[in-house]
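Have a look at the structure below, then the notes.
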Amino acid sequence: MSSLLSRNSNLSLSHEQIQLLEEAPFKLESFSSQLKKLGHFPLKPTEIDILQINMGKMCNQTCRHCHVDAGPDRKEIMSLETLEQCLEIIKNNNISTVDLTGGAPEMNPHFRWFVEQLSPLGVKTIDRCNLTIITANPKYNDLPQFLAQHNVEVVSSLPHYSQNHTDRQRGNGVFEKSIKALRMLNEVGYAKEGNDLKLNLVYNPVGCFLPGNQKSLEQEFKKRLRMDFGIEFNQLFCITNMPISRYLEYLIESGNYESYMSTLVNAFNPSVVKGVMCRNTLSIGWDGYIYDCDFNQMLDLKVESSAAQHVSDFDLNLLTQRHIRLGQHCYACTAGSGSSCGGETL
Amino acid sequence: MAENYYVDSDLSKFPKITEFQKELGDKFFSWYSSVFAEGALTAREKSLIALAVSHAVQCPYCIDAYTQDTLQKGCTEEQMMEAVHVSAAIRGGASMVHGVQMMNKVKKISM
């Protein structure tokens, strides 16, 4: 498996993906019209308190469902200048949570510098760590100690407690390396009783179905990971797979695109609309452009042009008044119990 | 007459059975929902039982629905297939245990 971009796939082009989603040959009600019926259109932010920063598309893994189309061949990396601009935004705008993602954010050469700058600010810092990066190269082996030292919350994908399922989604050998990395995180105090260091896992379905009940899955994961591997973690976040990028490719190739979209639309839950993450989060791309969420970022749907579109002219007031850009992919965040980077939203 | 007795898109029309008898249909779905809620058995355990029973009653709609449901609940393929074996064992066992009845009859009517 390599990135869509390196394979010159049409799906590496955001407009091709949008066309597939918006002009599907089968008829589905538009997401915007659903919100109109509920009186939630246009969708507006509440209070912006989370800044999710995509530090680059480079990754040591090439997962089959990746919405970023990340991989070792992707060279897009956030510059020091852009990170400095992000830091100013965080300091001046009452941002309470900084969520670092990628690719593998740790592969950005300025990752540690940035975390060190955030540490004294008292903001909650999250590292969306793919786990295998910790063992991928000796220079990353001390990441658990570094993250613990700066009280960084670790959020890591582990789609199943079985090797078979995890490796099918994330690549051969990923499960074994992930278990090793989880043990290293536990060893420095993550998810240990009486310790504030948080280690949360992300579950997303290995296939074209919706996640089950988050609490039940969390209980099952805790039981199996403790029993089989002696591993502890805090919470399990269930995230619905987003029908874009490599997951969209999988849906089309497996003949499940129409049925998956129908599943998302049929599972539309009006009661989760108020809590969708784009209402309190801003997403920053590797090149400093601002998006409503990481998914809109990958579809190159920048925040609407009346708002400041780049970190160099960040204006919280304008951004708070903006209308959030919507598309058919948004159904993934409103299906069932809702889905966000922090799991269920209900 | 439809070309096929079973059409997979009919599964999503299941809730529409209330169109012909609303009161009983509503009661059925309310009871159905309670049956599968967390209780003394977990929803996950109930889903695996439902998958096994789906095979015993050989309902293609139920097999589709509970294959999806057990996967959603984090079950592995091994667990799902073990549930199907339980179903098969009971069906097979039900035939075999009647062998005793046959033996009883043979013994009664034979010299």
Side-chain angles (χ1 to χ4, degrees), chain A residues 26-28 65 158-169 175 201-225 227-228 236-241 254-256 258-268 335-337 339 343-344, chain B residues 4 6-19 25-26 29-30 32-55 59-85:
Chain A
F26 44 91
K27 194 73 191 152
L28 293 173
H65 70 304
L158 192 74
H160 210 271
Y161 49 78
S162 75
Q163 177 172 354
N164 178 10
H165 286 76
T166 297
D167 285 1
R168 268 191 271 155
Q169 184 187 80
F175 183 76
L201 297 182
V202 170
Y203 162 90
N204 36 14
V206 185
C208 49
F209 48 91
L210 300 181
N213 178 273
Q214 183 168 282
K215 200 168 164 26
S216 303
L217 279 166
E218 180 181 294
Q219 284 171 352
E220 192 66 17
F221 267 64
K222 284 198 170 181
K223 188 173 86 180
R224 297 303 298 262
L225 288 177
M227 202 164 68
D228 296 347
L236 185 75
F237 298 154
C238 287
I239 301 186
T240 302
N241 283 315
S254 62
N256 285 306
E258 181 174 353
S259 68
Y260 187 71
M261 290 306 293
S262 298
T263 301
L264 292 181
V265 175
N266 291 337
F268 175 74
S337 299
S339 177
E344 284 183 359
Chain B
N4 300 300
Y6 291 116
V7 182
D8 61 359
S9 59
D10 280 353
L11 178 57
S12 62
K13 297 174 191 160
F14 187 17
K16 292 185 179 169
I17 63 161
T18 54
E19 281 177 14
D26 286 346
F29 283 118
S30 168
Y32 192 95
S33 166
S34 299
V35 165
F36 283 96
E38 294 276 341
L41 293 173
T42 65
R44 189 173 183 281
E45 288 164 340
K46 288 177 181 181
S47 187
L48 280 167
I49 294 170
L51 182 68
V53 175
S54 302
H55 284 77
C59 166
Y61 298 117
C62 311
I63 292 170
D64 268 11
Y66 284 95
T67 296
Q68 174 128 337
D69 194 62
T70 44
L71 282 172
Q72 280 184 217
K73 289 181 166 55
C75 298
T76 63
E77 286 87 340
E78 291 89 339
Q79 292 166 335
M80 291 160 69
M81 189 55 87
E82 282 183 23
V84 176
H85 276 283

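These values consider heavy atoms only, across backbone and side chains, with no hydrogens, waters or symmetry-generated copies. Each chain gets a letter, A, B and so on, in the order the sequences are listed, and its residues count up from 1.
- Looking at Pro211(A), only its backbone comes within 4.5 Å of chain B, counting heavy atoms on both sides.
- Residue contact with chain A, scored on non-hydrogen atoms closer than 4.5 Å, involves the backbone and the side chain of Thr76(B) alike.
- There is no contact between Phe221(A) and chain B, counting heavy-atom distances below 4.5 Å.
- When only modelled atom types and interatomic distance are considered, Ser216(A) and Glu38(B) share a side-chain donor-acceptor pair under 3.5 Å.
- Using bins of under 30°, 30° to 60° and over 60° for the plane-to-plane angle, the ring pair His160(A)/His165(A) lands in the parallel bin.
- For Leu217(A), the part lying near chain B is the side chain, with the backbone staying farther off; criterion is any non-hydrogen pair under 4.5 Å.
- No side-chain donor-acceptor contact under 3.5 Å links Gln219(A) and Arg44(B).
- Surrounding CZ of Phe36(B) are more than 12 heavy atoms belonging to other residues, nucleotides or ligands, all under 6.0 Å away.
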